[in-house]
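These notes concern the structure reproduced below.
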Amino acid sequence: MATERYNHRETEPKWQAFWNKAKSFESKEDSTRPKYYVLEMFPYPSGRIHMGHVRNYTMGDVIARFRRACGYNVLHPMGWDAFGMPAENAAIERGVHPKSWTYENIATMRGQLKSMGLSLDWSREFATCDPSYYMHEQAMFIDFMKAGLVERRVSLVNWDPVDQTVLANEQVIDGKGWRSGAAVEKRELAQWFLKITAYADDLLSALDHLPDWPEKVRLMQKNWIGRSEGMTFTFELEDESGKKLNEGLTVYTTRHDTIFGASFCAVSADHPLSKRLAESNQALADFRKEVAALGTSEENIERAEKRGCALGIYARHPFSKGVRLPVYAANFVLMGYGEGALFGCPAHDQRDIEFAIKYSLPIIPVVAPRGVDPATFEITTEPYVEKDDDQSVLINSEFLNGMSVTDAKAEVAKRFEAAGIGKRTINFRLRDWGVSRQRYWGCPIPVVHCKTCGIVPVPKSELPVQLPDDVKFDKPGNPLSHHPTWKNVNCPSCGGKAERETDTFDTFIDSSWYFARFTSPADKEPVNAAAAKYWLPVDQYIGGVEHAILHLLYSRFYARAMHKTGHLNADEPFASLFTQGMVIHETFKTKDGDWVLPSDAVQVNGAWQHAKTGEALIVGGVEKMSKSKRNVVDPDAIIAAYGADTARWFMLSDTPPERDIEWTEAGAEGSWRFTQRIWRIVNDVAALPMGVLSDAADGLALRRQSHRSVAAIADDLNNLRFNRAIARIYELSNAITSALADKDSLLKSDTLQGAVTEATQFLVLLMAPMMPHLAEECWGLLGNFSAVVDTPWPQALDRFVTVDEVTVAIQVNGKRRDEILVPKGIDRAILEGKVMQLENIKRALEGKQVKKLVIVPDRVVNIVVGD
RNA sequence: GCGGGCGUGGCGUAAUGGUAGCCGCAACGGACUUAAAAUCCGUUGGGAGAAAUCCCGUGCCGGUUCGAGUCCGGCCGCCCGCACCA
């Protein structure tokens with residue numbers, strides 16, 4: 001039969017127009033139906049979509065369409081994370097205005113996403129650079145200020161010398177700026193901070209109530225928050241001559257049990273004590289400079305030996321009268337953690353022992369493995385760090401001797417607290433979130449600096465504080481602070497002359513609440529309470545694991561801050577999180593290390609060479625698609641050549657969604673061939689009589705298979721096992737193909753025809769979430785008048801899904817020797833009798849003694865024999 | 001260094017402690033065709049055998065179990081995250 005090929009070029013735009021006209025994906029609150037909010041991490045409008053987007057949005061779309069078919073009221077919105085540095089770089093490099101650059105990119109990418117046939121509610125679209133979005137961000141910031149969640153303080157910050165802006169701790173990767181890759185410097189600047197640390201404990205403990213988040217992400221957040229329990233206490237200080245100083249030295253420790261092993265104290269080079277003493281101590285001043293120059297990059301830290309500079313003062317041991325510990329400024333002590341000061345116990349800490357060896361300080365073991373003679377227990381070069389507190393005992397520690405580590409900690413804490421010199425403290429690694437950026441293309445921070453009134457928030461009636469359009473990028477730094485007039489305003493409080501804040505927000509603020517704005521994108525409040533109550537939390541959130549800490553931690557904090565200020569009624573934004581793998585592709589390079597397009601690489605006699613120049617090529621490995629490695633595949637080209645359905649199908653096939661998927665030309669062609677195969681099957685079936693549905697024998701096997709497919713694929717899609725669902729769709733289509741191949745039987749039996757028709761209808765509905773355009777086209781061809789998008793998920797009938805016959809494997813001593821088809825739930829004795837009649841089993845048992853018979857109902861019979 | 005994950009055919013992968021390798025890709029053989037493409041049918045973990053069938057096989061070593069890819073212990077390898085956090 002000469003069926004015309006399926007033509008995606010006509011079909012796909014046709015159905016996209018149909019859905020658009022029917023407003024199929026626009027959603028409203030509807031209390032009569034269960035809601036389901038599917039969200040994929042919204043894109044940065046960098047220019048064009050890439051394959052990673054295709055994979056991410058395809059997964060979300062399958063879930064959205066599937067849930068829709070199952071009767072859920074689905075919200076599936078899309079927008080743009082539109083502020084950020086690349087727009088400014090384009091302005092600097094090409095003279096394009098960041099705004100026009102951004103909105104043009106959005107237009108391009110919107111068109112590309114539409115060509116994918118995504119079931120998105122475009123009526124809710126917004127970009128974070130729209131004043132109608134960021135005005136609410138500004139309003140909420142003012143509320144956060146009033147609620148005590150905002151602080152402005154001078155602090156040592158991460159300065160990116162290339163982007164000329166401050167970065168948050170989370171945005172410094174291996175000592176380099178996350179975007180520019182430049183080595184980050186330390187600078188002191190007045191900055192705005194959001195007090196995320198106020199929620200450190202809650203952000204940590206609530207992780208236990210997010211069972212549908214990947215364990216990996218929860219662990220990463222847990223480590224990032226870094227809770228530790230210890231003590232803060234204060235040493236008395238004395239000078240060289242033993243005269244007591246007026247001030248003390250406060251340190252943080254988690255090992256107060258080792259206090260008798262202390263042999264020195266160390267403070268950060270940036271500690272106030274170190275700074276002040278440096279004024280009269282040249283060696284110390286030089287040391288401070290040296291430490292600052294070292295920077296924060298990973299290599300430097302790794303290589304730097306533990307070094308210090310004696311301050312010439314001493315800490316008095318709190319328990320041992322007359323014992324004094326020299327105080328150093330040391331390069332391994334961080335100002336940002338604890339008190340920026342510590343006591344060193346070399347015997348039980350790697351850093352401390354390195355330091356002690358370098359400066360010939362005593363190494364006093366105070367903890368020993370249980371059962372070891374304290375008199376002979378020595379530590380010389382490696383510290384003893386016990387893994388299990390209760391396997392160790394205290395030694396050389398006066399009143400602590402013989403105690404476990406746990407008991408010793410409790411005892412020391414009790415004594416410190418009784419003496420009023422210390423208290424138990426909980427410390428976090430998490431720092432407050434510095435949100436000031438010295439950039440133009442971001443949301444203006446809505447405050448005014450007034451000489452008389454200080455910092456004054458902009459009244460809400462005057463929001464948004466809009467970005468000026470007339471800016472110049474002719475010199476480094478922030479164009480807003482160079483703008484001639486923008487920052488000059490009257491103080492909202494006293495009316496006198498004042499200046500606007502010229503810093504803008506970190507763009508991670510924009511993406512910290514967009515999920516909530518999608519529930520009511522046009523509301524006059526940041527979030528409409530009723531809409532948020534109906535839709536939130538997001539039921540399924542999907543994105544890359546690279547946001548495990550940054551975006552996902554900030555959003556969790558933001559939900560809490562919005563809750564506190566009455567903008568939201570929940571703390572956790574995302575009920576279920578899925579992190580998908582990357583799209584990777586093979587790479588090639590020349591001997592000189594130049595990357596070569598995979599399309600230019602050909603294999604000749606087993607060796608790779610350049611198709612045009614003939615130059616020998618080195619296979620560079622399969623890596624994440626990136627422009628620099630020239631292994632990018634453009635989604636537009638794929639959609640043009642094969643169609644969106646093929647691209648979507650490929651992205652879901654074979655590889656489990658959390659793993660990296662390798663893009664291959666052969667795989668794409670395989671997916672394309674399958675679309676054509678579906679088309680042929682459907683055309684063949686459409687030409688058959690419909691037949692009748694019955695339980696008659698000749699159609700039964702097929703009906704069982706198709707009903708089981710319905711149930712199994714629903715289960716797979718509920719659990720995001722797209723690759724399994726696709727394998728089952730192949731199985732079903734193989735079964736239909738086999739039935740069609742037996743023309744004689746098919747033409748004779750109307751029940752078989754009925755089974756084939758039903759199976760094919762199911763096939764179309766089952767694949768519809770993945771290949772929506774093809775499904776619509778096939779659905780019409782099969783004689784349906786409705787659209788697939790308005791058709792519910794098919795019903796799997798129990799009597800076909802339930803199995804009545806099972807294949808039981810027969811093992812002898814655990815080795816499979818035969819199998820037998822028996823009614824489900826067969827009587828054990830009858831089964832045993834049948835098994836013993838099998839030729840293979842008789843042979844295997846010959847001359848052996850049956851010792852035991854293990855029967856796992858409907859599964860396995862294991863005959864245990866001896867000689 | 002600390003934490004986590006993963007090792008299964010030529011490749012991507014599948015397998016509630018119960019027949020290891022579903023499904024796909026690639027490859028090979030065949031049908032159709034003047035020919036090719038497309039399509040359809042078949043074979044495809046390794047080894048022995050004419051066949052029935054048997055032996056071996058899920059990174060390595062050991063354990064638990066009637067039975068281990070799966071659970072436990074110890075190695076090896078790869079990947080990811082954090083990293084001077086006191």
Side-chain angles (χ1 to χ4, degrees), chain A residues 3 5 173-175 214-224 226-228 230-231 251-256 258 266 296 298 300-302 304-306 330-334 336-345 348-352 354-355 385 427-431 545-546 548-549 650 653-656 658-662 664 666-671 673-674 676-677 680 721 723-734 737-738 740-741 807-819 839-840 843-844 851-865:
Chain A
T3 306
R5 277 200 176 179
I173 315 290
D174 294 343
E215 182 65 29
K216 182 183 171 174
V217 173
R218 283 187 289 163
L219 253 165
M220 283 166 70
Q221 293 210 352
K222 193 176 166 198
N223 292 337
W224 186 264
R227 184 180 197 274
S228 78
M231 285 207 80
V251 299
Y252 174 72
T253 183
T254 56
R255 293 303 307 272
H256 31 294
T258 65
T296 51
E298 186 194 356
N300 287 343
I301 289 169
E302 191 92 339
E305 63 173 332
K306 305 289 173 281
N331 64 348
F332 65 91
V333 183
L334 304 172
Y337 187 77
E339 301 292 324
L342 53 84
F343 77 79
C345 176
H348 306 292
D349 184 280
Q350 183 62 42
R351 293 156 310 182
D352 294 350
E354 286 175 37
F355 193 80
V385 184
N427 239 302
F428 293 94
R429 217 189 74 112
L430 184 71
R431 303 268 73 88
V545 74
E546 67 273 17
I549 294 171
F650 180 85
S653 302
D654 298 346
T655 305
E658 68 278 8
R659 284 191 220 170
D660 291 350
I661 188 170
E662 185 185 352
T664 62
E669 273 170 24
S671 294
R673 276 199 303 273
F674 186 66
Q676 297 297 338
R677 194 170 145 219
R680 281 192 305 274
R721 291 188 300 245
N723 54 321
R724 280 300 294 138
I726 281 188
R728 291 188 212 278
I729 289 175
Y730 275 109
E731 283 171 336
L732 181 58
S733 71
N734 288 345
T737 302
S738 301
L740 290 173
T807 304
V808 172
I810 320 297
Q811 300 174 336
V812 175
N813 280 351
K815 281 191 175 158
R816 178 189 164 278
R817 291 299 166 194
D818 207 341
E819 61 184 35
E839 288 302 320
N840 284 347
R843 195 166 49 241
K851 285 180 166 172
K852 192 175 168 185
L853 198 69
V854 180
I855 297 179
V856 183
D858 301 330
R859 278 279 181 187
V860 148
V861 175
N862 190 12
I863 306 163
V864 185
V865 298

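Because the structure is predicted, anything quoted here is derived from the model rather than measured.
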Please state whether the rings of A/Phe332 and A/Phe355 are parallel, tilted or perpendicular, taking 30° and 60° as the class boundaries. perpendicular

Using a 3.5 Å distance criterion without hydrogens, assess whether the side chain of A/Asp352 forms a donor-acceptor pair with backbone atoms of A/Cys345. yes

What distance, rounded to whole Å, do you find between the two P atoms, one in B/A26 and one in B/U70? 32 Å

With distance as the sole criterion, do the side chain of A/Arg859 and the base of B/U16 form a donor-acceptor contact below 3.5 Å? yes

Take A/Val864 and A/Leu853 through the side-chain contact (heavy atoms from CB on, under 4.5 Å) test and state the conclusion after the steps. CA-CA 6 Å; A/Val864 185; A/Leu853 198 69; over 6 Å; no

Roughly how far apart, to the nearest Å, are B/U53 and B/U16 at atom P? 28 Å

Base, sugar-phosphate alone, or nothing: which one does A/Tyr252 contact when heavy atoms must sit under 4.0 Å apart? base

So, does A/Arg659 get its side chain near the phosphate of B/A14, meaning an N or O under 4.0 Å from OP1 or OP2? yes

Mapping A/Arg817 and A/Ala741 onto RNA chain B by nearest heavy atom, which one lands closer to the 5' end? A/Ala741

When you check the phosphate oxygens OP1 and OP2 of B/A26, does a side-chain N or O of A/Arg673 lie under 4.0 Å from one of them? yes

State which residues pass side chain to side chain contact (heavy atoms under 4.5 Å, CB included) with A/Leu219; sequence neighbours excluded, sorted by chain then number. A/Glu215, A/Asn223

Tell me which nucleotide among B/A26, B/C40, B/A86 gets nearest to the side chain of A/Arg677. B/C40

What nucleotide among B/C22, B/G24, B/G18 has an atom nearest to a side-chain atom of A/Glu731? B/C22

Does a distance-only test, which skips hydrogens and angles, find a donor-acceptor pair under 3.5 Å between the side chain of A/Arg724 and the base of B/C22? yes

In dot-bracket form, how is RNA chain B paired, counting a Watson-Crick or G-U wobble pair only if both its distances are under 3.5 Å and using | for bases paired to another strand? (((((((..(((.....[....))).(((((.......))))).((((....))))..(((((..]....))))))))))))....

Under 4.0 Å protein heavy-atom contact, by nucleotide of nucleotides 66-72 of chain B - B base, S sugar-phosphate only: BS-----

